[in-house]
Undergrad: 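Handing you this structure, nothing more for now.
Only this structure's heavy atoms are used, side chains among them; waters, hydrogens and symmetry mates stay out.
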Amino acid sequence: QVQLVESGGGLVQAGGSLRLSCAASGRTFSNYAMGWFRQAPGKEREFVAAIRRSGTTYSYADSVKGRFTISRDNAKNMVYLQMNILKPVDTAVYYCVADEGYIRVVSGGPEYWGQGTQVTVSS
């Protein structure tokens with residue numbers, strides 16, 4: 001069992017930045033691949049980014065590549081999503097996810113999900 005709590009969401013103007021944080025508790029954090037998904041109003045959840053448990057491999061959606069950066073601190077049981085050059089289309093609820101398998105994270109089927117944090121980008 002893993003519990004995930006996101007924070008850092010808020011309102012920002014287009015072109016601005018936000019840093020999302022995810023605190024994990026339960027099983028050993030270092031055993032899990034981590035990631036971020038998002039869901040905009042009226043749309044399906046979409047993959048944003050993922051990172052292996054070792055932190056040596058990353059994956060990003062084409063829509064955020066070059067603007068977003070995922071990172072983790074296994075000593076603190078934390079994962080982060082640095083979001084730069086934000087656009088109105090980035091407006092969504094962002095979810096932290098975890099799974100023992102990196103492939104399940106990038107394919108959209110991670111086992112554990114957080115409650116989500118709202119990110120709103122104004123034009």
Undergrad: Starting from the C-alpha separation in whole Å, work towards a yes-or-no answer on side chain to side chain contact (heavy atoms under 4.5 Å, CB included) for C22 and M78.
TA: CA-CA 6 Å; C22 175; M78 298 287 291; over 6 Å; no

Undergrad: Any donor-acceptor pair under 3.5 Å linking the side-chain atoms of S25 with those of Q3?
TA: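 A pair is found: one side chain offers a donor N or O, the other an acceptor, under 3.5 Å apart.
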
Undergrad: Heavy atoms only: give me the nearest Y58-I51 pair and the separation to one decimal.
TA: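 What the structure gives for the nearest pair is CE2-CD1, 3.4 Å.
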
Undergrad: Is any side-chain heavy atom of R67 closer than 4.5 Å to a side-chain heavy atom of D90?
TA: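 SC-SC contact between R67 and D90 confirmed.
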
Undergrad: Flag the pair V2 / E111 as yes when at least one side-chain heavy-atom distance between them is below 4.5 Å, and no otherwise.
TA: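 Answer no - side chains too far apart.
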
Undergrad: For a side chain to side chain contact (heavy atoms under 4.5 Å, CB included) check, start with the C-alpha distance between F68 and L81, then their side-chain angles and the critical distance, and finish with the verdict.
TA: CA-CA 7 Å; F68 291 11; L81 184 68; 4.1 Å; yes

Undergrad: Below 4.5 Å, heavy atoms only, C-beta onward: do E6 and C96 meet side chain to side chain?
TA: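 Side-chain contact under 4.5 Å: yes.
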
Undergrad: State, with a plain yes or no, whether a side-chain heavy atom of L18 is found less than 4.5 Å away from one of L86.
TA: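 The answer is yes, as the side chains (C-beta and beyond) meet within the 4.5 Å cut-off.
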
Undergrad: Are V106 and Y112 co-members of a hydrophobic cluster defined by side-chain heavy atoms under 4.5 Å apart?
TA: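 No.
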
Undergrad: Let me see the working for M83 and L20 under side chain to side chain contact (heavy atoms under 4.5 Å, CB included), right down to the final yes or no.
TA: CA-CA 8 Å; M83 306 184 294; L20 304 184; 3.7 Å; yes

Undergrad: With side chain to side chain contact (heavy atoms under 4.5 Å, CB included) as the test, would you mind laying out the steps for R45 and V93 before giving the verdict?
TA: CA-CA 9 Å; R45 287 183 179 179; V93 176; over 6 Å; no

Undergrad: Report yes or no: is the cationic atom of R72 (NZ for Lys, CZ for Arg) closer than 6.0 Å to the six-membered ring centre of Y80, at no more than 45° off its axis?
TA: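 No, R72 and Y80 do not form such a contact.
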
Undergrad: Look at the aromatic rings of F37 and F47 and report parallel, tilted or perpendicular, splitting at 30° and 60°.
TA: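 It falls in the perpendicular class, over 60°.
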
Undergrad: Decide yes or no for Y32 and R53: does some side-chain heavy atom of the first lie under 4.5 Å from some side-chain heavy atom of the second?
TA: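 The answer is no; the side chains never approach within 4.5 Å.
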
Undergrad: Please confirm whether R38 makes a cation-pi placement over Y94, using NZ or CZ under 6.0 Å from the six-membered ring centre and within 45° of the ring normal.
TA: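 Here R38 fails the 6.0 Å and 45° test against Y94.
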
Undergrad: Do you know the tightest heavy-atom contact between N74 and F29?
TA: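 Answer, listing the atom of N74 first, then F29: OD1-CE2, 3.0 Å.
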
Undergrad: Taking the side chain as everything from C-beta on, heavy atoms only, tell me whether V79 gets closer than 4.5 Å to I70.
TA: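 Counting from C-beta outward, V79 and I70 do come under 4.5 Å.
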
Undergrad: Can you measure from OG (S123) to NZ (K87) and round to the nearest 0.5 angstrom?
TA: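 Between atom OG of S123 and atom NZ of K87 there are 14.0 Å.
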
Undergrad: Taking all non-hydrogen atoms of both residues, which atom of T91 and which atom of P41 are closest, and how far apart?
TA: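 Of all heavy-atom pairs spanning T91 and P41, the closest is O-CD, 4.5 Å.
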
